[in-house]
K.L.:
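Please find one structure pasted underneath; my questions will follow.
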Amino acid sequence: MTGLGRGWKRLLGVALGVMTAIGGFVDIGNIVTSGLAGARFGMSLAWALVFGTIGMGLYGEMAGRVVAVTQRATFNLVRERLGVRAGLVNLAAALLLTGLTMAAEIGGAGITLQLGSGISYVIWVPVVGLATWLVIWRVPFGVMERVLGLLGLALVVFVVALFALPVPWQELLSQAAQPAVPPDEGLATWLFFAISLIGSAVVPYQVVFFSSGGVEEGWRRRDLGEMRLNVFVGFPLGMVLSLAIMACAVPVLQPRGVDVQRLEQVGLPVVAALGRVGLLVMLLGFFAATFAAAAECALSLGYSAAQYFGWTWGKFRRPAQAPRFHVVMLAGIIAATALMLTTIDPVQLTIVSVVLGAAAIPLTYFPILVVANDRSAMGRYVNGPWANTLGVVFLVVMVVVSVISIPLLFLTKAGQ
């Protein structure tokens with residue numbers, strides 16, 4: 001009975017981990033870009049989400065495997081493999097992009113609270129910023145990750161709404177299987193939003209948070225199976241939520257020519273299909289997803305800086321034990337909150353941040369690929385032929401994306 005009890009406990013832990021990965025995969029970047037892409041391009045950009053998720057899964061597994069074998073997180077590897085100067089450039093880019101993403105997440109959580117209360121999001125933004133700090137400071141890592149991740153599963157309401165709406169399934173499947181630029185859209189804009197969708201799936205802070213969380217939770221070789229289930233089951237199912245958001249926009253927003261400019265517009269299909277109950281569940285999902293991502297961004301700021309400079313770090317460490325780690329997180333939260341109080345548009349900030357994040361991916365992912373192939377560090381856990389082939393192909397594509405993303409950002413005026 002004792003062995004059976006341990007087996008059930010482990011199975012429950014695996015199931016919770018997978019569900020947490022599903023809810024944790026979706027943030028304001030996925031919500032905004034998926035809704036906007038569906039409203040403007042139908043399902044013709046579904047491939048970009050699939051491609052981004054495959055890349056995130058590949059490199060998430062590599063990062064998790066490196067942690068389990070070497071107990072070393074992402075920015076330890078960045079400094080070691082890129083060198084001090086190139087690593088510092090990568091660190092600066094990561095801090096800037098993660099800070100912008102955190103501001104958008106805080107703004108998204110504030111807007112969600114505004115939709116539920118009628119009180120301006122500007123009032124809610126400092127409340128969300130303070131709550132983010134309190135959660136990081138007082139709530140244990142595992143509890144924070146799992147509770148917010150499970151609450152994020154409320155976004156399954158988009159899947160329910162999809163089956164309640166009059167969806168032209170054959171048309172959607174045809175668009176997804178045979179992607180083409182719509183007649184009333186330009187190629188540059190179509191490619192820009194493809195990059196934004198890829199960027200929403202592979203934002204740098206997520207791999208930093210994932211690998212550092214593995215160190216925090218003490219992953220070892222025995223945890224590789226559970227980690228891989230979280231990555232290869234949880235991430236793709238999280239992608240399904242994003243695809244559902246995209247698909248819901250097609251029968252409701254696209255015929256009306258709605259160009260998504262506000263977070264609440266993404267939720268209109270849910271309200272049309274499921275009414276007030278759907279709205280309440282959706283708002284819970286929006287808040288959990290954005291608030292969880294804000295906390296993850298704040299932690300990623302601290303992780304990145306502390307790992308690069310060799311400071312003591314860890315969420316389990318009190319501020320007195322890891323002062324610089326906590327100062328970086330607190331300063332990031334204050335700066336992100338202040339940025340949102342300028343009333344900058346969270347949707348446009350989200351689009352810009354995910355595109356810039358896509359441009360920065362090669363520098364963050366390259367060191368992971370190198371270490372995952374280092375037999376002296378990884379032993380028999382080095383990359384196999386398939387992981388290497390797919391990892392290299394993905395990285396080469398992301399180098400091309402990195403080169404064209406900034407010109408497309410200016411050429412299309414951020415997709416306008």
Side-chain angles (χ1 to χ4, degrees), residues 16 19-35 98-117 119-158 200 203 205-206 208-210 213 238 241-242 245 262-264 266-267 279-303 315 329-330 332-341 344 346-347 349-350 353-354:
L16 284 173
M19 288 189 290
T20 300
I22 298 169
F25 182 86
V26 183
D27 65 359
I28 194 169
N30 302 98
I31 293 169
V32 167
T33 56
S34 296
T98 303
L100 291 176
T101 302
M102 178 165 56
E105 304 290 356
I106 289 173
I111 289 172
T112 303
L113 290 171
Q114 173 183 291
L115 295 174
S117 67
I119 300 173
S120 171
Y121 84 94
V122 177
I123 303 298
W124 286 114
V125 160
V127 176
V128 174
L130 177 61
T132 302
W133 170 246
L134 290 175
V135 165
I136 291 171
W137 184 28
R138 304 297 299 177
V139 180
F141 186 91
V143 174
M144 180 198 81
E145 185 182 31
R146 291 191 172 179
V147 169
L148 293 175
L150 291 174
L151 289 176
L153 285 174
L155 291 174
V156 169
V157 72
F158 278 93
S200 73
V203 283
Y205 85 82
Q206 287 187 336
V208 173
F209 176 78
F210 185 70
L241 295 186
S242 296
I245 294 171
R262 302 189 305 276
L263 183 61
E264 58 265 32
V266 179
L279 171 65
L280 294 175
V281 176
M282 181 195 69
L283 290 179
L284 174 62
F286 276 2
F287 179 78
T290 53
F291 184 75
E296 291 172 8
C297 285
L299 282 164
S300 295
L301 288 174
Y303 290 146
K315 188 182 180 308
M329 291 193 295
L330 180 58
I333 292 171
I334 292 172
T337 301
L339 179 60
M340 289 316 304
L341 288 176
I344 189 173
V347 170
L349 181 61
T350 298
S353 65
V354 295

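The analysis underlying the following values was restricted to heavy atoms, covering all of them including side chains, and did not include hydrogens, waters or symmetry mates. Not measured: the values here are computed from a predicted model.
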K.L.:
Between T290 and F287, is there a donor-acceptor pair closer than 3.5 Å when you use the side chain of the first and the backbone of the second?
P.N.:
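Between the backbone of F287 and the side chain of T290 there is a qualifying donor-acceptor contact (under 3.5 Å).
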
K.L.:
Once you round to the nearest 0.5 Å, how far does CG of L279 lie from CZ of F286?
P.N.:
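Result: 9.5 Å between the selected atoms.
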
K.L.:
Are any side-chain N or O atoms of E296 and backbone N or O atoms of Q206, one a donor and one an acceptor, separated by less than 3.5 Å?
P.N.:
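No, E296 side chain to Q206 backbone: no donor-acceptor pair under 3.5 Å.
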
K.L.:
Nearest 0.5 Å please: distance from the OG1 atom of T350 over to the CG atom of N30.
P.N.:
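Answer rounded to 0.5 Å: 10.5 Å.
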
K.L.:
What distance separates I106 CD1 from T101 OG1, expressed to the nearest 0.5 Å?
P.N.:
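That separation rounds to 11.0 Å.
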
K.L.:
Can you confirm whether P346 sits close enough to I111 that some side-chain heavy atom of one is under 4.5 Å from a side-chain heavy atom of the other?
P.N.:
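Yes, close enough: below the 4.5 Å cut-off.
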
K.L.:
With side chains defined as the heavy atoms from C-beta onward, is the minimum distance between I119 and L113 less than 4.5 Å?
P.N.:
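No. Closest side-chain heavy atoms not under 4.5 Å.
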
K.L.:
Measuring from F291:CZ to T112:OG1, what's the distance to the nearest 0.5 Å?
P.N.:
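F291 CZ to T112 OG1: 12.0 Å, rounded to 0.5 Å.
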
K.L.:
To the nearest 0.5 Å, what is the distance between CG on D27 and OG1 on T33?
P.N.:
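Here the interatomic distance stands at 8.5 Å.
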
K.L.:
Provide the closest heavy-atom pair for F158 versus I245 in the form atom of the first, atom of the second, distance.
P.N.:
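Closest pair (atom of F158, atom of I245, distance): CG-CG1, 3.6 Å.
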
K.L.:
Would you tabulate the side-chain donor-acceptor contacts of residues 125-144 under 3.5 Å, counting partners in other chains and residues two or more places apart, or write 'none'?
P.N.:
unit_1, atom_1, unit_2, atom_2, d
T132, OG1, V128, O, 2.8

K.L.:
For L301, run the side-chain contact (heavy atoms from CB on, under 4.5 Å) check against T98, V208, I333, L330 and tell me which one passes.
P.N.:
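Passing option: T98.
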
K.L.:
How far does CE of M329 sit from OG of S300, to the nearest 0.5 angstrom?
P.N.:
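Spacing of CE (M329) from OG (S300) equals 10.5 Å.
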
